[in-house]
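Notes follow the structure.
We use all heavy atoms of the structure for the numbers below, so side chains are in, but hydrogens, waters and symmetry mates are not. Small disclaimer: the values here were computed from a predicted structure and weren't measured.
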Amino acid sequence: LALDPGDADGRATLAILRAQFDGWPATEQVLRDVLRSSPDNIPTLEFMTFFLQGVGRCTESRALNERVAALAPLSANCQHRRALKHWIFGEIAEADRVIDHARQIWPDHPLVWNSRLLIYAFTDRPGAARQMIEDGKGRPADMRPGAIAIWRQLLSALAGIPVIVKEVDDAGLQRG
């Protein structure tokens with residue numbers, strides 16, 4: 001920014017880094033200012049998509065994500081968000097189509113994998129989600145044992161299987 005105060009990437013990065021300090025209204029204003037001068041700046045559009053979803057403005061978030069999809073159709077982040085937005089709006093078949101296509105392109109991408117898991121889990125398909133959890137080779141390598149244990153319990157509950165919670169240590173691992 002010292003070299004070019006109008007640089008969209010620099011301005012967007014600063015807004016993203018300061019978001020938790022400046023608050024939502026100020027962050028939104030800076031991002032909108034960046035988009036006025038650089039309407040196709042993908043990092044700004046992606047963060048604005050995430051930001052608007054986070055403050056509950058799902059329809060606006062969806063529209064921006066579709067702009068990103070048109071500008072960067074091979075963005076894994078954009079595609080997993082597209083699937084989640086279809087799910088949020090009750091378009092389950094389309095959510096499945098988008099996330100399954102994304103999994104074909106990025107089978108090891110953790111956000112794509114997680115979105116597939118969420119869509120299965122919360123659209124009455126806990127068995128399919130459980131298969132994903134149990135498939136060690138398809139699961140993200142950095143998924144912690146505690147997270148796996150929590151997902152197993154959640155999916156059992158969603159499937160109507162009684163869950164017996166034993167003592168759990170700080171890592172989320174069951175003991176005893």
Tell me yes or no: between the side chains of D100 and Q104, is some donor less than 3.5 Å from an acceptor? no
Indicate whether the side chain of H86 and that of R62 have a donor and an acceptor atom separated by less than 3.5 Å. yes
If you compare all heavy atoms of A83 against all heavy atoms of I99, which two are closest, and at what distance to 0.1 Å? CB-CB, 3.7 Å
Should the pair W151 and F122 be assigned to parallel (<30°), tilted (30 to 60°) or perpendicular (>60°) ring geometry? tilted
Scan side-chain atoms only and decide if R11 and S38 contain a donor-acceptor pair under the 3.5 Å cut-off. no
In the single-linkage hydrophobic clustering (I, L, V, M, F, W, Y; side-chain heavy atoms under 4.5 Å), do I16 and L52 co-cluster? yes
Establish, from distance only, whether the side-chain atoms of R82 and Q79 form a donor-acceptor pair under 3.5 Å. yes
Polar side chain donor-acceptor pair, S156 to R130, under 3.5 angstrom: yes
Is I148 reachable from W113 through a run of hydrophobic residues whose side-chain heavy atoms are each under 4.5 Å from the next? yes
Looking only at atom types and distance, does a side-chain atom of R67 sit under 3.5 Å from a main-chain N or O of P39, one as donor and one as acceptor? yes
Could you tell me how the ring of H109 sits relative to the ring of W106: parallel (under 30°), tilted (30 to 60°) or perpendicular (over 60°)? perpendicular
Single-linkage hydrophobic cluster, 4.5 Å side-chain cutoff, L84 and L45 together: no
Any side-chain heavy-atom pair of E46 and R81 under 4.5 Å: yes
Euclidean distance, E28 CD relative to D22 CG, rounded to 0.5 Å: 13.5 Å
Cluster question for you: counting only ILVMFWY and a side-chain heavy-atom cut-off of under 4.5 Å, with indirect links fine, are V55 and M48 together? yes
Quick check against the 3.5 Å criterion: does S115 have a side-chain atom that pairs as donor or acceptor with the backbone of L111? yes
